[in-house]
Amino acid sequence: MAQTRLLEVPVKGMDCAECALHVQRAIEKLPGVESVDVLLSSEKAVVRLDPARVDLLAIRKAVEDAGYSVPDAATPPSASMGRFSRRMTTLLAVVFSVVLSIVVAGEWLGLFDQLNALVPLSIGVALVIAGGFPVFRNVVRAALRRQITSHTLMTVGAIAALAVGEWVAAVIVVAFMRIGDYVERFTTESARRAVKELTAMAPQTARVERDGVEQEVPVAEVKVGEIVIVRPGEQIPVDGEVIAGHATIDQAAITGESMPVEAGAGSRVFAATIAKLGSLRIKTLRVGEDTTFGRVIKMVEEAEAHRGNVQRLADRFSAYYLPVVAGIAALTFLVSRNPLSTAAVLVVACSCSFALATPVAMLASIGASARRGVLIKGGKYLEALARADVVLLDKTGTLTLGRPQITDVVTLNGMPSSEALALAASAERYSEHPLAEAVRAAARAHNLPLFAPEHFEAIPGLGVRARVNGRTVAVGNRRLIPAIESLPVAQQLEAQGKTLLFVALDGEPAAILAAADTLRPEAPAALAELRTLGINHIELLTGDNQPAAAALAAALGVPYRANLLPEDKINVVKEYQAQGHTVVMIGDGVNDAPALAQANVGVAMGAAGADIAIEAAHIALMREDWTLIPDVLRVARRTMRVIKINLALTAVYNLVGLALAALGVLPPTLAAAAQSLPDVGILANSARLLRQQR
Ligand code: ADP
Ligand code: MG
């Protein structure tokens with residue numbers, strides 16, 4: 001099979017969803033292109049292609065032939081047309097209503113007819129041409145490429161009005177073509193802004209220490225391993241580890257939580273967060289796109305590619321919409337022989353509203369959520385979340401704090417417990433599992449010397465194995481080391497609901513470590529809320545032992561399955577999916593990443609700094625806070641509601657408008673003025689999603 005590759009191509013000049021569709025078609029047609037997703041919000045096309053058969057040059061040519069351009073390098077984002085704020089949209093709606101009322105009044109008082117009679121037609125024609133020139137030019141260009149745009153229909157409408165001497169109507173049509181354009185650009189731009197505002201938080205410069213002197217350099221020039229200095233009030237430019245100093249850090253840029261956290265030597269810090277009090281010396285671990293913040297930005301930007309069914313349907317529909325309108329106009333003319341009602345039909349229904357209805361709402365929610373520390377990777381997942389009915393939960397690190405404490409160390413062969421602990425902690429040195437951290441912490445607490453492990457091996461869902469000081473040390477559960485579980489001491493500890501780690505030395509049972517973890521305090525209330533939101537089935541899936549799982553499940557009042565391997569968790573997800581359920585899997589990405597990916601919606605808890613969690617999940621919660629889960633479910637449902645309203649508004653508007661226009665009730669002047677109404681409606685309706693309540 002041919003190797004395919006993803007290529008990102010920036011595309012300029014797409015003003016509305018219709019244009020995105022043109023670009024998509026143009027690229028899709030190329031041989032060697034497997035799939036294309038055109039992202040209106042980030043102005044690029046993501047192309048999966050076979051590099052042996054097609055290259056950037058061919059794509060650029062196709063895009064240019066379709067009437068758009070491919071800038072050479074990343075050009076700075078287009079000048080902002082305004083912020084997507086509730087105040088801005090209210091203002092727009094007010095201005096729009098005023099203009100609309102003026103046109104209605106003019107029509108009603110017969111002012112337009114008087115004007116028509118007073119001023120000669122030639123002046124009217126001149127006005128139409130002068131005012132509409134840029135639009136007409138585009139229409140002709142599109143026609144030469146055999147494309148019909150909404151402007152083509154409106155231009156035909158304007159010409160029809162002129163043909164019967166109604167030049168005022170033609171002027172108003174042209175004027176609103178341009179106003180409508182502006183509204184549409186404002187709407188798409190606003191949706192883009194919801195996402196791009198996040199980018200504005202990205203750090204620009206860093207103060208690095210080179211050859212003993214501090215110098216300020218652009219962030220892109222900082223290298224991994226370099227020492228960065230951050231003063232009070234400054235933004236941390238890179239992901240790194242604090243090597244000296246102490247500061248309180250506002251991590252809102254990443255976690256959405258403005259409550260500052262403390263950082264000192266050894267702490268991990270993140271790019272785009274702010275050191276409030278205190279200075280830090282930081283060893284750079286990651287820069288730019290590789291940082292947690294960089295990944296978040298990239299994923300939010302790409303969110304537009306993960307379209308849900310609603311959007312796909314709307315896109316497909318809008319492709320057939322213009323020809324249908326043209327057909328209705330032709331029919332109107334045949335039946336009524338009235339050029340004015342024909343013109344009104346052509347003018348009234350011409351907007352991208354169907355295509356706008358979904359992405360504007362999705363992007364508003366995705367952008368607003370990202371600022372709150374909830375990373376949603378696409379509209380598809382909001383759609384699935386809104387109709388989810390089964391929620392599966394991972395235990396360790398997800399439901400529990402994931403900071404288990406070692407409570408008991410029992411040796412089986414007379415070895416001192418400190419030696420057993422030191423060997424276990426050395427073997428666990430490179431494991432990311434919360435239990436591994438517990439073992440290391442216990443060893444640290446006793447000041448035990450650790451050894452560098454060789455041949456380290458993590459066995460998902462079972463434990464770890466490594467060579468330490470020439471001995472093979474295995475640490476894990478009963479499946480990894482089966483011989484120990486039957487011992488009375490093991491059963492006794494397990495009956496206390498503790499998680500047991502068995503230690504084997506050179507294959508011989510050597511010790512038992514018992515760990516206890518605490519339930520996250522806000523989890524039970526969040527689960528109760530999920531139930532009131534109509535999630536009927538909540539189930540605990542864990543790799544931990546039966547008694548530990550049973551104790552927790554009983555406390556939460558949910559069914560459970562214990563002793564699961566990562567692939568068992570996937571199978572449980574599949575089992576529910578096969579029964580027709582929409583499954584949400586909530587995990588921490590440790591040992592459950594495949595199940596997160598398999599679920600209709602995989603939600604990762606506390607994803608800041610945990611790469612697999614960010615990669616595998618569809619929704620990543622950047623802070624460990626269960627209250628975010630019912631929140632994001634509500635956001636999903638509200639988004640779908642707003643989309644349905646958007647689509648319904650557009651459909652009703654177009655049906656009524658088309659009917660009135662075809663019947664000759666709606667004159668072209670009013671039709672033109674009303675044509676941007678659904679766009680304004682969509683914008684105002686979707687703006688409600690920008691403010692998410694807690
Ligand atoms: P959960 O489903 O509760 O999150 P995991 O799938 O992460 O649990 O792990 C399942 C079990 O595998 C743990 O309870 C533990 O017994 C064992 N295990 C996994 N990783 C390790 C490790 N690094 N050290 C010791 N035991 C481990
Ligand atoms: Mg886990």
Side-chain angles (χ1 to χ4, degrees), residues 392-406 409 420-421 423-443 453 456-466 468 473-482 484-485 490 493-494 497-504 510-520 523 539-553 556 558 560-573 585-596 602-606 610 612-613 616 624:
L392 304 177
L393 313 164
D394 167 62
K395 185 175 83 75
T396 313
T398 306
L399 265 177
T400 62
L401 284 174
R403 283 188 287 276
Q405 312 266 332
I406 299 296
V409 179
L421 191 56
L423 287 171
S426 303
E428 293 276 21
R429 185 142 179 184
Y430 299 122
S431 168
E432 288 188 339
H433 202 277
L435 285 170
E437 174 50 33
V439 177
R440 290 192 297 259
F456 170 77
E457 183 189 7
I459 309 147
L462 295 182
V464 296
R465 198 179 286 127
V468 178
V473 184
V475 188
N477 55 20
R478 63 188 61 215
R479 293 202 192 203
L480 191 69
I481 306 154
I484 306 182
E485 63 180 300
L493 287 167
E494 215 166 52
K498 287 176 180 170
T499 298
L500 301 193
L501 301 182
F502 299 141
V503 184
I512 302 173
L513 314 181
D517 200 352
T518 353
L519 180 65
R520 288 184 193 275
E539 186 173 329
L540 179 62
L541 305 184
T542 178
D544 208 346
N545 67 54
Q546 192 83 20
L552 192 72
L556 294 168
V558 297
Y560 70 93
R561 300 185 204 194
N563 294 317
L564 299 182
L565 291 175
E567 55 268 35
D568 298 331
K569 292 187 187 178
I570 304 181
N571 288 333
V572 177
V573 172
M585 168 85 206
I586 304 174
D588 59 355
V590 181
N591 285 356
D592 53 22
L596 291 179
V603 181
M605 174 73 78
I612 11 165
E624 305 182 329

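Both ligands and their constituent atoms are indexed starting at 1 by order of listing.
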Can you tell if the side chain of Phe502 reaches within under 4.5 Å of the side chain of Pro482, non-hydrogen atoms only? no

Any salt bridge linking Lys395 with Asp517? Criterion: basic side-chain nitrogen under 4.0 Å from a carboxylate oxygen. no

Give the atom numbers and elements of ligand 1 that come within less than 4.0 Å of a heavy atom of Lys395. 3 (O)

Do other residues, nucleotides or ligands put more than 12 heavy atoms under 6.0 Å from the CD atom of Glu437? yes

If you count the atoms of ligand 1 from 1 in the order shown, which ones are under 4.0 Å from a heavy atom of Thr542? 1 (P), 2 (O), 3 (O)

Gln405 atom CD, over 12 foreign heavy atoms within 6.0 Å: no

Which one of Asp394, Leu480, Leu564 has a non-hydrogen atom at the shortest distance from atom 4 (O) of ligand 1? Asp394

Pairwise distance CG(Leu541) to CG(Asp394) - rounded to 0.5 angstrom: 8.0 Å

Leu501 neighbourhood, listing ligand 1 atoms whose heavy-atom distance to it stays under 4.0 Å: 25 (C), 26 (N)

Run the contact test for Arg479 against ligand 1 with a 4.0 Å cut-off on heavy atoms, strictly below, and give the result. no

When you look for heavy atoms under 4.0 Å from ligand 1, do you find them on the side chain of Leu462, its backbone, both, or neither? backbone

Is there a side-chain contact between Leu556 and Leu399 (heavy atoms, below 4.5 Å)? yes

Number the atoms of ligand 1 from 1 as they appear, then name those within less than 4.0 Å of a heavy atom of Asn477, with their elements. 11 (C), 12 (O), 16 (O), 17 (C)

With atoms numbered from 1 as shown, which atoms in ligand 1 lie under 4.0 angstrom from a non-hydrogen atom of Gly476? 26 (N)

Examine the proximity of ligand 1 to Leu435 and report which part, side chain or backbone, both or neither, has a heavy atom under 4.0 Å away. side chain

Are any of the side-chain heavy atoms of Val590 and Pro434 separated by less than 4.5 Å? yes

If the cut-off is 4.0 Å to any non-hydrogen atom of Val464, which atoms of ligand 1 fall inside it? 23 (N)

All side-chain hydrogen bond (donor to acceptor under 3.5 Å, both in side chains) counterparts of Arg429, not counting sequence neighbours: none

Among His433, Arg465, Glu432, Glu428, closest by heavy atom to atom 9 (O) of ligand 1 is His433

Contacts of Ala514 that satisfy side chain to side chain contact (heavy atoms under 4.5 Å, CB included) - sequence neighbours left out: Thr407, Asp408, Leu493, Lys498, Leu500

Taking only heavy atoms of Gly461, which atoms of ligand 1 are found under 4.0 Å from at least one of them? 10 (C), 11 (C), 12 (O)

With heavy-atom distances below 4.0 Å as the criterion, list the atoms of ligand 1 near Ser431. 23 (N)

